[in-house]
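Here is the structure we will look at.
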Amino acid sequence: MNKIKRIAVICSGGDSQGMNTCIKTIVNVCTVHNIEVYAFNRGYQGLIENDIIKLNNEMVENIGHLGGCFIKVARSKEFLEQEGKQKAFNNIYKNEIDGVILIGGNGSFHGALEFVKAGIPIIGIPGTIDNDLYYTDRTLGFDTAVNNAVKAIDNIKQTMLANSRGIVIRVMGRDCGAIALNVAVACNAHALSVKEVPKTIDQIIDDLKVCMNNGVESPLVILNDYIEYSVEDVQKAMEKNLRIETRGSTLGYIQRGGSPSVEDRLLATQFGLTAVELLINGKTDLAVGVRNRNIISISLMQALQIKEEFDYSLYNQLRDLHGLKKDNNNY
Ligand code: F6P
């Protein structure tokens, strides 16, 4: 087994809380093992453009508790083209990089498979607020994003309750309802519409009627990113059909910024350490993750093949809480 002398870190896709903690961990542990760490800024795009920097402990000392991404992220269209990939891999060879650690989401993991095909050692770390890589219980940033959304909704609820108003909130997550579901349970929402269990506006109104008959004054509705109707559409329907003044809010990037939670920091540290150890042990083509609190690694292809896992049991518990009937007995 050849000794690893130089690795590169790449963060790709949307940034997520915990990326900085993970970068810091990688630099710290590589320093201990006398391995040089480089970063390609701006994901695969920076790799194509050879936008490279050398990292050291001093540079990363004060980033572990910060949101955002110290080495920047990007979504690269050029990397999807053969020419772009070739430029990217040439820069790996030119800089004599022995192994790559990629931190990113679903799309970025597909990109990592290209490294495997090219024979470049690569380890993937799941970093996205969406929690849409299903081989792992958690992706970096998910816990913080949920906490950020919950804090924001707690504030919004106070003013809405004071005015006896209904509330409609849209949260992030792309086509994955994990953020919306966890936020809905944590905030005791009365109706939820996600891609996995989409509701028509009429169905939302029916659910809210049940809750209001049970004494709820300010019903709360949570929608996720990819629901096709708008916050305003639901707001108007509530005002018309429930005769309740209603306000709405799309939370947006407040969910993706801010300091990583303790859970994200712990995972980022464990993922970073594991990824470096795997490269040192000559391993490649692996995705690091967490299952039942154990750190695991499985092949990148396998990781991507594990299908969507929506937590229907939690979803049904939310409905039970408000005495709403089950949507579908198969759940
Ligand atoms: O994938 C992470 C995410 O924050 C999604 O939840 C959201 O839909 C999307 O990125 C927003 O992307 P952008 O930063 O390109 O606006």
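Order of appearance sets the numbers: ligands from 1, and atoms from 1 within every ligand. Just so it is clear, the structure is predicted and the values come from calculations on it, not from any experiment.
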- Does the side-chain contact (heavy atoms from CB on, under 4.5 Å) test come out yes or no for L300 and F115, once each step is laid out? CA-CA 11 Å; L300 283 161; F115 290 69; over 6 Å; no
- Quick one: does G173 get within less than 4.0 Å of ligand 1, heavy atoms only? yes
- Taking NZ, NE, NH1 and NH2 as the nitrogens, is one of them in D51 or R42 under 4.0 Å from a carboxylate oxygen of the other? yes
- Message: Return the closest protein heavy atom for atom 12 (O) of ligand 1 as residue, atom name and distance.
- Response: R75 NH2, 3.1 Å
- Message: Please tell me whether D233 and S230 have a donor and an acceptor in their side chains that are separated by less than 3.5 angstrom.
- Response: yes
- Note on the structure: the protein heavy atom lying closest to atom 3 (C) of ligand 1 turns out to be R256 NH1, 3.6 Å
- Query: Counting heavy atoms only, which part of I179 comes closer than 4.0 Å to ligand 1: side chain, backbone, both or neither?
  - Reply: neither
- Does atom CG of D320 have more than 12 heavy-atom neighbours, drawn from other residues, nucleotides or ligands, at distances under 6.0 Å? yes
- Do the non-hydrogen side-chain atoms of L267 and E263 ever get within less than 4.5 Å of each other? yes
- Note on the structure: The closest protein heavy-atom partner of atom 16 (O) of ligand 1 is Y253 OH, 2.4 Å
- Message: Among all protein heavy atoms in this structure, tell me which lies nearest to atom 2 (C) of ligand 1, with the distance rounded to 0.1 Å.
- Response: D130 OD2, 3.3 Å
- For atom 7 (C) of ligand 1, which protein heavy atom lies nearest, and how many Å away is it? D225 OD2, 3.4 Å
- Message: Measuring from atom SG of C211 to atom CG of L324, what distance do you get when rounded to the nearest 0.5 angstrom?
- Response: 4.5 Å
- Query: Does an N or O from I129, backbone or side chain, lie closer than 3.5 Å to an N or O of ligand 1?
  - Reply: no
